[in-house]
Protein chains: 2
Amino acid sequence: MDVKTLCLGVLHFGPASGYEIRKQFEDGPMSHIQEAGFGSIYPALRKLSEDGLVKGDTQHQASRPDKTVYTITEAGQLALKRALMTPPADDRFRSDYAFQLLFAHVLPTDMVDHLIERWLIWHRGEITRLETCLAAAQDGNRPQTAGDRFVIGLGIAIYQAAAAFMETHRNDLIAEINLPSTAAKTDVAKMDAAE
Amino acid sequence: MDVKTLCLGVLHFGPASGYEIRKQFEDGPMSHIQEAGFGSIYPALRKLSEDGLVKGDTQHQASRPDKTVYTITEAGQLALKRALMTPPADDRFRSDYAFQLLFAHVLPTDMVDHLIERWLIWHRGEITRLETCLAAAQDGNRPQTAGDRFVIGLGIAIYQAAAAFMETHRNDLIAEINLPSTAAKTDVAKMDAAE
DNA sequence: TTAGAATATGTCGAGTCGATATAATAAGTA
DNA sequence: TACTTATTATATCGACTCGACATATTCTAA
């Protein structure tokens, strides 16, 4: 799913400027499943405009910078629908927290504990953010759809499961890296032998 | 977390060729949290080699293409540790399935149902894959660490929660998009639709 | 009043992804 | 046996994406 399609998706619900589209990806109901920055959005809008899938209208505002409000065209709606019909790519999850924890046996114990703590805090923040989003029933000019409720609900369920796992297993991990048993013993023995 | 650091992370557990590193990201215990393709790995290894963080050794094999096996150096271990100490970026989740479902009210009902079905199948596949990974206790030359168990267990918990949510809410979504009038989620509308 | 957040658009380099090329052999199938 | 696909192995290339920075104005709060 490229940024052009994502922009069409946002514009499906109503006209918006590049800046407003960006905000949608930061705060809106799709913020936890897709992302795009300015560096992708503005070129995408230019290309969409060239292809006649959106129509830009520059508005001069008093006491605000000029803004170009984009509206999706008939051809754009068709292109969006075509994109929505194609089989989606597999989900992709990227976590630097998880990557760092793979090396918990190498890191200081208090750093591992602190890492999990911050990860938990981030998860709790996301949960409250999504709960607010779900309770809003309306986001700006965009009314909440059945899909919104499903996807936001799914996000909350996932984050809650992740937080629950961390809360119940963080002490197990800390204990494991502190008591060098079975698997860890061999590594220690090798290091001792090397000395 | 750039690909150079990810490669150092793989090589921390033992020497490997670019091809073998790629396989780690496809099948190994970090496949569900980080990814990298050939187009990123080979340039990364070249740069790491130039910087003295890894050492490449070209091996001529009978009845197989030559391969260059990379080994992490002392400087590389230090660079990895430094990267593991820096505060991690926030998790990033990308789902085209979820994006498409945001537009469930626009798509044919059977397509939405089919979409959720395929998404569920993918989740169940990931769960069995991770469970196999967890039961393996050893992946090639790499012994399973406490961090591995934590991260794989977390992945399983997340996928199970996602699958459970879909199973219990898929019919709600289908029912909601079949109700024709947007504002009428009342009992009257339900009775009218049933008749 | 002075700093900073918000509104608004854009550029640029570094990095990443996916497809493709090449090339040998092993394994499975008609 | 002949054909096809998969596996091992490395590499390039264009298109795309990301994050940081540049620019400028106004509203808000310490």
Side-chain angles (χ1 to χ4, degrees), chain A residues 1-8 10 15-27 31 34-51 54 56-70 83 86-94 96 99 140, chain B residues 1-8 10 15-27 31 34-51 54 56-70 83 86-94 96 99 140:
Chain A
M1 201 73 29
D2 60 357
V3 176
K4 290 205 295 288
T5 309
L6 297 181
C7 288
L8 285 179
V10 172
S17 66
Y19 183 78
E20 288 161 346
I21 291 173
R22 166 81 205 292
K23 268 203 302 180
Q24 282 287 313
F25 287 117
E26 201 162 299
D27 310 310
S31 56
Q34 298 286 345
E35 244 194 277
F38 289 128
S40 322
I41 291 171
Y42 285 114
L45 287 172
R46 210 180 305 134
K47 231 169 280 180
L48 287 170
S49 203
E50 285 168 14
D51 296 348
V54 303
D57 176 37
T58 303
Q59 296 180 355
H60 297 278
Q61 305 184 112
S63 77
R64 278 270 168 260
D66 290 1
K67 71 167 163 181
T68 306
V69 174
Y70 292 92
T86 60
D90 288 341
D91 289 1
R92 193 183 281 179
F93 177 60
R94 211 155 258 236
D96 289 1
F99 180 76
Chain B
M1 199 79 23
D2 61 356
V3 177
K4 291 204 296 288
T5 308
L6 297 180
C7 288
L8 286 178
V10 173
S17 67
Y19 183 78
E20 288 161 346
I21 291 172
R22 166 84 205 291
K23 269 202 302 180
Q24 282 287 313
F25 287 117
E26 201 161 298
D27 310 309
S31 56
Q34 298 286 344
E35 244 194 278
F38 289 128
S40 322
I41 291 172
Y42 285 115
L45 287 172
R46 209 180 307 133
K47 231 168 281 180
L48 286 171
S49 203
E50 284 168 14
D51 296 347
V54 303
D57 176 37
T58 304
Q59 295 179 356
H60 298 278
Q61 305 183 112
S63 76
R64 278 273 167 254
D66 291 359
K67 72 167 162 180
T68 305
V69 174
Y70 292 92
T86 60
D90 287 341
D91 289 1
R92 192 183 283 181
F93 177 59
R94 210 156 259 234
D96 288 1
F99 180 76

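On a predicted model such as this, the values are computed, not experimentally measured, just so you know. Each chain gets a letter, A, B and so on, in the order the sequences are listed, and its residues count up from 1.
Scanning for side-chain contact (heavy atoms from CB on, under 4.5 Å) contacts around B:P43 gives an empty result, with sequence neighbours left out. Remark: B:Y19 pairs with B:S17, B:K23, B:F38, B:Y42 by the side-chain contact (heavy atoms from CB on, under 4.5 Å) rule, at least two apart or across chains. By the ring-ring contact (aromatic ring centres under 6.0 Å, His included) test, B:F99 is found to be paired with B:F103, residues two or more places apart in sequence or in another chain being considered. A search for salt bridge (charged side-chain N to carboxylate O under 4.0 Å, His left out) contacts involving A:R22 returns A:E26, not counting sequence neighbours. Not counting sequence neighbours, the partners of A:A36 by the side-chain contact (heavy atoms from CB on, under 4.5 Å) test are A:V3, A:F25, A:I41. B:D2 pairs by the side-chain contact (heavy atoms from CB on, under 4.5 Å) definition with B:K4, B:T5, not counting sequence neighbours. B:D91 pairs by the side chain to side chain donor-acceptor pair (under 3.5 Å) definition with A:S95, A:W119, not counting sequence neighbours. Every residue meeting the side chain to side chain donor-acceptor pair (under 3.5 Å) condition with B:D90, not counting sequence neighbours, appears here in chain and number order: A:W122.
Taking atom CG on A:D2 and atom C1' on D:dC18, their separation rounds to 15 Å, with Å as the unit. Atom P of nucleotide C:dT7 and atom CD1 of A:I41 are separated by 15 Å, given to the nearest angstrom. Rounding to whole angstrom units, CZ of residue B:R92 and P of C:dT16 are separated by 11 Å. Protein atom CG of B:D57 is 15 Å distant from nucleotide atom C1' of D:dA9, rounded to whole Å. Rounded to whole angstrom, the span from the CE atom of A:M1 across to the P atom of D:dA15 amounts to 21 Å. Look at CD on A:E35: it is 16 Å from P on C:dT16, rounded to the nearest Å. Rounded to an integer number of Å, the gap from NZ of A:K67 to P of C:dA6 is 16 Å. Taking atom CD on A:Q34 and atom P on D:dT17, their separation rounds to 11 Å, with Å as the unit.
Considering only side-chain N and O atoms, A:S17 lies under 4.0 angstrom from the phosphate OP1 or OP2 of C:dT9.
Within residues 42-51 of chain A, the residues approaching DNA chain D are A:K47, by heavy-atom distance under 4.0 Å.
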Atom pairs under 3.5 Å, N or O on each side, protein against nucleotides 20-22 of chain D: can you list them with distances?
none

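You'll find that the side chain of A:K23 is closest to C:dT7, out of C:dT16, D:dT17, C:dT7. Of the listed nucleotides (C:dG15, D:dT7, C:dG18), D:dT7 has the atom at the smallest distance from the side chain of B:Y19. Counting only heavy atoms from C-beta on, A:S40 has its side chain closest to D:dT17 among C:dT7, C:dT16, D:dT17. For B:V3, whose side chain is taken as the heavy atoms from C-beta onward, the closest listed nucleotide among C:dT16, D:dA9, D:dT10 is C:dT16.
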Full working for side-chain contact (heavy atoms from CB on, under 4.5 Å) between B:M1 and B:L6 | CA-CA 7 Å; B:M1 199 79 23; B:L6 297 180; 3.7 Å; yes
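When atom types are taken as modelled, the side chain of A:R94 and the backbone of B:E35 share a donor-acceptor pair closer than 3.5 angstrom.
Over its length, the helix from C:dT1-D:dA30 to C:dA30-D:dT1 turns its helix axis by 40°, as judged from the five terminal pairs at each end, rounded to 10°.
What you find for B:G18 and B:L45 is that their closest heavy atoms are CA-CD1, 3.7 Å. Residues A:G56 and A:S49 approach most closely at N-OG, 4.2 Å, considering heavy atoms.
Backbone-only engagement by A:R94 is indicated by non-hydrogen atom pairs under 4.0 Å involving sugar-phosphate atoms exclusively. At the heavy-atom level, B:R22 lies nowhere under 4.0 Å from the strands shown.
Both B:E20 and A:G37 sit near DNA chain D, but only B:E20 has its closest nucleotide nearer the 5' end.
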